[in-house]
Amino acid sequence: MSYRHGRGVRNAYGSYRQRENSDDINDGSSYNAGNRQSRGSAQGSRGRGRGGHPPWLKGKEIGLYYKKKAQSSQQPTHAIRLNPHTERKIKNLLESMPNTNFRPASGTGMCDGIDSKLKARYDHINDSHFKKNFLEIVSGDIQQNLTKSMLAKSKLVQNDTYDKRAIEEHKERVASPGYQKMLKFREKLPAFKMRRQVLELIEKNQVVVISGETGCGKTTQVAQFILDDQIERGNGSVTKIICTQPRRISAISVAERVATERAERLGCSVGFQIRLEKELCRDYASILFCTTGMLLQFLHSNPALTDWSHLILDEIHERSTESDFIITLLKQIIPRRPNLKVILMSATLNSDQFSKYYNNCPNIHIPGFTYPVQEYYLEDVLQFTRFKFPPPPEMPNNHRKHMKRYKNQQKKSDDFLDFIQPYLRHIESERKYPQFVIDQLRNPVSEDLSLELIAELVHFICTNEGPGAILIFLPGMTDITKLTRMLLESGEYPSSRFIVYPLHSRLPTVDQKLVFERPPDRVRKIIIATSIAETSITIEDVVFVIDSGKMKLNKFDTDNNIETLLPEPVSLANAKQRRGRAGRVQPGKCYHLYTKAREMTMDEYPLPEMLRTRLEQVILQAKILQLGKITPFLASVIDPPNAKAVELSLQLLMTLNALDEDEQLTPLGYHLAKIPLDPRTGKMIILGAIFSCVEPVFSIAASLTYKDAFYCPLGKEAEAQKRKLELGLGQYSDHIALAEALRRFEEAKTRGSPGFFCRQYFLSWNTLKLLTDMKNQFAKYLCEMNFLHSANPNDERANKNSNNLALVKALVCAGLFPNVAIVKSVRRHGASVVTPQDGKVKLHPSSINEKCQSFPSPYLVYFTKQLSSAIYLHDTTSISPMGLIFAGPNSKIGEQNGKCVMALPGALSFLCEPETAFIVQKLRAKLEWLLGYKITHPGTIKWDSDEGAVLKGMIELVSQGDEEMGLESRTYHVGFANETYSDSD
DNA sequence: GAGCACTGC
């Protein structure tokens, strides 16, 4: 059969038992089902019976006691051993290598004018090319950076020939029937009527805010107004407009739309550029639509934006980290570029805030046009449906355990009553609603999401209202799946008259496209969606919107240093956007499932992204732009992130050795800031290049930071999970599955059957395609940086060790360290897992390891940890102790209970023979030095020299680590994909 | 037993 877990288990189990008997090492862990007994005795030996806590502890102290206890019982957990053969090999290797780690450091005489302290610190760097670039970045500041950028040659030079050519072309274009036909349409847009005012305002001011709702035409028209006006005035050669969009799709579709309106093809006066895809426009008299992230990249090499005459930032009301960052940076650029015109485009709601931020710059409003939408609230919906909420939970039997939960509930319920009573008294006096509605509203359960109520409301609309599609907004995928099932299983929605679509980002795109189709007459379309239908996906024929009033939002909880994904009440801006979705083709109706009273307490806008995410990447961006100390810069952002968030992200960057204690970029940090990846995965790909393990490691890095390609096909979840498990190659690793998915996809492509492969394994073709392109991009970067011979990630020289799965996992581990979790025991319902920071965590149900009944090692590394209904590790790889030693810097040799241990930061320690510990550490130190050297002297590895020997030694160690666990490490590339990984017996 | 949505020369 195609899956190998069972065999690994037997091996692992067998070898551990043997060890316990022969060496008298109590490994103290109980991650393996077979080790339950040892766990029992370990607890018993502490003499506290059923693991009780000291009786004097109260409340929180008890929790802390157990947390501490869980942590202390982690060490030492496991033994490191080498087989005599390997040990001898490594010893020989170390002996054959002279002890001169540091090559003579001679000054290069370059970089004059740079701070002597800095110069001294990096004196040992001999690579003059790297040194020059690096020191320039760490020693400069933004003003110098801008000056340098201003001095560089600009593409904007007045040129008579181009000016005239632009005028001629424009005249011809305007006269063409295609243009005239489109003009008729354009003239109807509200924005077109404001043409003169908009142009005048831009003429007179350097910065202008334009506000207007979707449908007013500002996105497609404003750039054209400016361009045509400048062309007519003979300024074609010095007019280049760059216009940013938050999403890739909108950058392309807006560019296409504008080209069509100008009766042109893309590539003439209109172009677009997004990551990995571009259709550039000509070098004069043109408009480039790009993603906001793309502009940020442009700013790295040309912070003064000297190649552009106009900058339009669209959709800035969405408050993405990228647009907030650019808006902040622009404040420094604007005074240096008085001829750069900046146009900020926003929805009406918060446009004043931007105008204020820019010294009260003028704000012009363009009215929008949509059909009127009648709004209803929970009180109305209850009246329509006569729905009754279930009674609030009752008092539990006097059980102490539940008492606390009950009291919390009681408190919440009391707060709710305090909040709702005044409103209920008010509507009671107005007599607008019958008594049963008011009674229902008094029930605190009325604030929770009720799929039953939504089902009733759908029923009500279908029986009492005219035709038109219904769009339902729910917080997440789980609720969407549940409601879809409820509706279909009720039998009230036969396919002859209804068509129900679930809609979220993890559904196969084929299914997503059907949503746009107009159903046959007398068939009603019901779409059950996440907030993806708020902005990203527009379904034209929606007439009825049901707004659950909740959405899931990613936040960074700085108190607990954890990322969360929890359902929250939507903001008024979201609610307005949802309502607008009902009025695109005709007057519509919107049903909010919260009361008018609740609406009064809702936030006006969603929290800006910069206030709810980790800031590592923002900090690296700021560093590469030479913005100096991060705190003052971030304090000047329109809504500054809190100090704790900045502090935590700085700490992580220092732990990763991307920043030094002065908050300056280190050589590693310098590389990481230039790679379009999260710092951890960035580190991973550099290591992948050094260890000649590029193909699988790049696949994993791309999947982790972009998104994995696995779909959630409705109704076939179990089958999809089985397929994923197959791709895991029996390695207890989600990351190996990601690499294998991409490898087989590329293989299937060369055979000409990628579509079949994607369907078979429930993978997204589009995502895999993009991931493949991203891998090529990484290779291009690392080749430019000198870490790779070629820009081809499949180059043989870059993949000498790609078939060594133990090494792939160790490199993943090295990138993700110290994200380590420990399996304490395995029960029937899955593993009991802890992390040093959070205590108990769960493996996410989509993980290969979630159903695992035993693990080859108690250690797991993970990339994503998120608090939702519990703290979940989304992706894990089971890693050997040797893999951890490989990944973790600064291991120390010590003694515990008379035995030698190797300890890593984060309370990880391993029993080890002193002799073994000594050579492992020595080799590890050599690796550490080599990595440091390679970072400051980027270059490819000479495998037959000393540096190659160090890497080979490390590879030997991690491979043996996997053999110890009973895993076969060299099982990669086992022929073609149709010959799936198979058990030889 | 479950993952809002985006993005990177």
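Below, chains carry the letters A, B, ... as their sequence lines are ordered, and counting in each starts from 1.
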From the options [options], select the nucleotide whose nearest atom is closest to the side chain of [X].
X	options	result
Pro845(A)	dG3(B), dG8(B), dG1(B)	dG1(B)
His844(A)	dG3(B), dA5(B), dC9(B)	dG3(B)
Met294(A)	dC9(B), dA2(B), dC4(B)	dC9(B)
Ser869(A)	dG3(B), dC6(B), dC4(B)	dG3(B)
Ser536(A)	dG1(B), dA5(B), dG3(B)	dA5(B)
Pro676(A)	dC9(B), dG3(B), dC6(B)	dC9(B)

Answer with base, sugar-phosphate or nothing: what part of the nucleic acid does [X] contact at a heavy-atom distance below 4.0 Å?
X	result
Lys707(A)	nothing
Glu318(A)	nothing
Arg275(A)	base
Ser301(A)	base
Asn302(A)	nothing
Ile274(A)	sugar-phosphate

Where each residue is assigned the nucleotide of DNA chain B containing its nearest heavy atom, which of Asn554(A) and Gln777(A) is assigned the position nearer the 5′ end?
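The answer here is Asn554(A).
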Between Gly476(A) and Lys780(A), the residue closer to the 5' end of DNA chain B by nearest nucleotide is Gly476(A)
[X] vs [N]: side-chain N/O to OP1/OP2 distance below 4.0 Å:
X	N	answer
Ser868(A)	dG3(B)	yes
Thr530(A)	dA5(B)	yes
Tyr872(A)	dA2(B)	yes
Gln866(A)	dG3(B)	no
Arg506(A)	dA5(B)	no
Lys552(A)	dG3(B)	yes
Ser505(A)	dA5(B)	yes
Thr291(A)	dG8(B)	yes

Specify the separation, in whole Å, of atom [atom1] of [X] and atom [atom2] of [N].
X	N	atom1	atom2	answer
Leu782(A)	dC9(B)	CG	P	14 Å
Ile675(A)	dC9(B)	CD1	P	12 Å
Leu553(A)	dA5(B)	CG	C1'	9 Å
Arg248(A)	dA5(B)	CZ	C1'	15 Å
Ile480(A)	dA5(B)	CD1	P	8 Å
His504(A)	dC6(B)	NE2	P	12 Å
Lys724(A)	dA2(B)	NZ	P	15 Å
Asn133(A)	dC9(B)	CG	C1'	16 Å

Regarding Lys724(A) and the six-membered ring of Phe710(A), is the cationic atom NZ or CZ under 6.0 Å from the ring centre and inside 45° of its axis?
yes
Establish whether the base of dG8(B) is bridged to the side chain of Glu322(A) by a donor-acceptor pair shorter than 3.5 Å.
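In this structure, the two groups form no donor-acceptor pair.
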Sub-3.5 Å donor-acceptor pair from the side chain of [X] to the main-chain atoms of [Y], do we have one?
X	Y	value
His592(A)	Tyr594(A)	no
Asp875(A)	Phe863(A)	yes
Glu609(A)	Thr321(A)	yes

Are there over 12 heavy-atom neighbours, none belonging to Ile249(A), within less than 6.0 Å of that residue's CD1?
no
Lys576(A) NZ: over 12 foreign heavy atoms closer than 6.0 Å:
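Counting neighbours around NZ of Lys576(A), more than 12 heavy atoms of other residues, nucleotides or ligands fall under 6.0 Å, so yes.
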Is the shortest distance from a Lys or Arg side-chain nitrogen in Glu136(A) or Lys132(A) to a carboxylate oxygen in the other one below 4.0 Å?
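Looking at Lys132(A) together with Glu136(A), the answer is yes, because their closest N to O distance falls below 4.0 Å.
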